[in-house]
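Below: the structure, in structure tokens.
These numbers come from the heavy atoms of this one structure, side chains and all, not from hydrogens, waters or symmetry mates. Order of appearance sets the numbers: ligands from 1, and atoms from 1 within every ligand. We number each residue from 1, following the sequence as shown.
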Amino acid sequence: MLVDRDRLHIAIQKSGRLSELSRGLLRDAGLRIQNGKNELTARIENFAADLMFVRDDDIPTFVSDGACEFGIVGGNVLEEFALGTEERGFEILAKLGFGRCSLRIAAPEATAYEGPASLAGARIATSYPNIVRRFLADNGVDATVVTMNGAVELAPRLQIAGFICDLVSTGATLEANGLRPVETVLESEAVLIRTARPLNQIHADLGDRLLSRIEGVLATRDSKYIMMNAPGEALKRITEILPGAEAPTIIPLHGRAGHFAVHAVCQESVFWETLQKLKEAGASAILVVPIEKMML
Ligand code: PRT
Ligand code: ZN
């Protein structure tokens, strides 16, 4: 791969569950992705970076080798890779809140299960052999791990294995195959990673800018700006109710002695129940507005 010392290289999934969400995050961070004919890379028009579109399984390798300084990949893929390497060639910079799933052990409905000891001597089909082996070792259980690259849920029916260990989000796939989850081995979501190799000054500066923008996007995704009026005696209670808001701004209302405007950034979702509680505490004219940009 051509290494351009003046541009940052970001590896994201080419096509699959994380590709649109990864592009969406970068777009929200203000990166304009050029829609070129070249399907393997894309230039960012307004930031010195290029995207590399690759298989998700290759992203940890690309980043560890330094071919790409940054990458977005599922925590599950990263963990499986890390367990198979001697040195940790990457650093996790942020959990991204999308691509959530759990890696779970499942078995046909009729299979008895009373904890990890029930796996002793069994065969477990999975695409995550390293993670499953670690789980077995942590639990002191001896079992055979059968590595499959796909269609893992068919293994029990084909009598390849009595158990499987696969990613689950809604659980519909397990159910459709007559399987029930018995253990959670790993909780996963997409993460932003950076190579552990030293970066040149240009890459380091670009990386810092990218990270602070992404952190800003993540902070605003759930955040809301909330405003209300309240009498002085209600302020203490109101501050306690506001979700994830530190140090609200309190401004005296002109011409209404003892009344204040309260403004705060809430770092968590603001539900109708919260508004109801604020009203009961004495707040009025409550306004909740979305935040478009934030830099922490
Ligand atoms: O081609 P490439 O190698 O890049 O893609 P891939 O086919 O290996 O991966 P892809 O696109 O399927 O998933 C990419 C990443 O999305 C995974 O590594 C996870 O981090 C994340 N993710 C989140 C999931 C799921 N949810 C998920 N449900 N990945 C896969 N699944 C599969 C699962 O394997 C099972 O077959 O969906 C099925 C179960 O879904 P439910 O909803 O029926 O439970
Ligand atoms: Zn893959």
Side-chain angles (χ1 to χ4, degrees), residues 1 9-26 33 38-42 51-65 67-68 70-85 90-109 124-132 134-135 145-158 160-161 163-194 214 218 221:
M1 184 172 299
H9 305 85
I10 310 166
I12 66 169
Q13 192 185 23
K14 182 170 189 287
S15 65
R17 286 170 193 262
L18 300 184
S19 44
E20 244 333 288
L21 295 162
S22 304
R23 284 166 181 260
L25 174 70
L26 296 173
I33 304 168
N38 183 348
E39 289 184 351
L40 298 177
T41 65
L51 299 186
M52 308 286 155
F53 302 123
V54 293
R55 293 276 313 259
D56 65 346
D57 317 75
D58 293 332
I59 294 173
T61 311
F62 273 52
V63 173
S64 296
D65 288 353
C68 291
F70 282 76
I72 295 176
V73 66
N76 50 307
V77 170
L78 194 65
E79 187 68 8
E80 180 64 18
F81 168 84
L83 291 174
T85 52
F90 60 85
E91 200 185 319
I92 297 179
L93 299 178
K95 292 185 173 186
L96 300 175
F98 58 81
R100 287 184 200 275
C101 53
S102 356
L103 188 59
R104 311 187 80 177
I105 296 181
E109 308 278 0
I124 309 170
T126 187
S127 307
Y128 296 87
N130 294 330
I131 298 177
V132 175
R134 179 183 60 182
F135 174 81
V145 176
V146 182
T147 305
M148 289 175 69
N149 287 323
V152 169
E153 64 278 359
L154 298 180
R157 222 184 306 159
L158 300 173
I160 294 168
F163 291 85
I164 69 162
C165 184
D166 199 10
L167 296 176
V168 179
S169 48
T170 62
T173 305
L174 289 185
E175 207 181 312
N177 287 283
L179 302 168
R180 85 184 155 100
V182 295
E183 280 294 345
T184 299
V185 171
L186 186 86
E187 296 287 358
S188 177
E189 66 186 275
V191 291
L192 176 72
I193 55 171
R194 176 175 62 201
I214 287 179
L218 297 174
R221 279 197 168 167

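When only non-hydrogen protein atoms are considered, atom 24 (C) of ligand 1 lies nearest to Arg17 CD, 3.3 Å. The shortest contact between atom 5 (O) of ligand 1 and any protein heavy atom is with Gln13 NE2, 2.9 Å. In terms of protein heavy-atom proximity, atom 20 (O) of ligand 1 is nearest to Asn76 OD1, 2.6 Å. Nearest protein heavy-atom contact of atom 14 (C) of ligand 1 is Asp56 OD2, 3.5 Å. Scanning the protein heavy atoms around atom 3 (O) of ligand 1, the nearest turns out to be Arg55 NE, 2.6 Å. Nearest non-hydrogen protein atom to atom 36 (O) of ligand 1 is Asp166 OD2, 3.9 Å. Of the protein's heavy atoms, Thr173 OG1, 3.3 Å lies nearest to atom 39 (C) of ligand 1. Of all protein heavy atoms, the one closest to atom 28 (N) of ligand 1 is Ser169 OG, 2.9 Å.
Under the 3.5 Å distance criterion, the side-chain polar atoms of Ser64 are left unmatched by any main-chain donor or acceptor of Thr61. Side-chain N or O atoms of Gln13 include one that pairs as donor or acceptor with a backbone N or O of Leu18 at under 3.5 Å. Glu109 places no side-chain N or O within donor-acceptor distance of the main-chain N or O of Arg180, the cut-off being under 3.5 Å. Judged purely by atom type and a 3.5 angstrom limit, Ser127 uses its side chain to pair as donor or acceptor with the backbone of Met148. With Glu189 contributing its side chain and Gly97 its backbone, the two residues share a donor-acceptor pair below 3.5 Å.
Between Glu153 and ligand 1, a contact under 3.5 Å exists for no N or O pair. Polar contact check, Cys101 against ligand 1: no nitrogen or oxygen pair lies under 3.5 Å apart. Between Ser188 and ligand 1, not a single N/O pair is under 3.5 Å apart.
Counting atoms of ligand 1 from 1 in the listed order, those under 4.0 Å from a heavy atom of Val168 are 44 (O). Near Gly16, the atoms of ligand 1 lying under 4.0 angstrom from a non-hydrogen atom of the residue are 11 (O). For ligand 1, the atoms sitting less than 4.0 Å from at least one non-hydrogen atom of Ala172 are 43 (O), 44 (O), numbered in the order shown with element in parentheses. Counting the atoms of ligand 1 from 1 in the order shown, those under 4.0 Å from a heavy atom of Leu18 are 15 (C), 16 (O).
Taking both residues in full, the closest heavy atoms of Arg221 and Phe98 are given as NH1-CD2, 4.1 Å, listed atom of the first, atom of the second, then distance.
Side-chain contact between Phe135 and Cys165 is absent, with no heavy atoms from C-beta onward closer than 4.5 Å. Using a 4.5 Å cut-off on side-chain heavy atoms (C-beta onward), Leu167 and Ser102 make no contact.
Closer than 2.8 Å to the Zn ion (ligand 2) sit the protein N, O or S atoms Asp56 OD1, Asp57 OD1.
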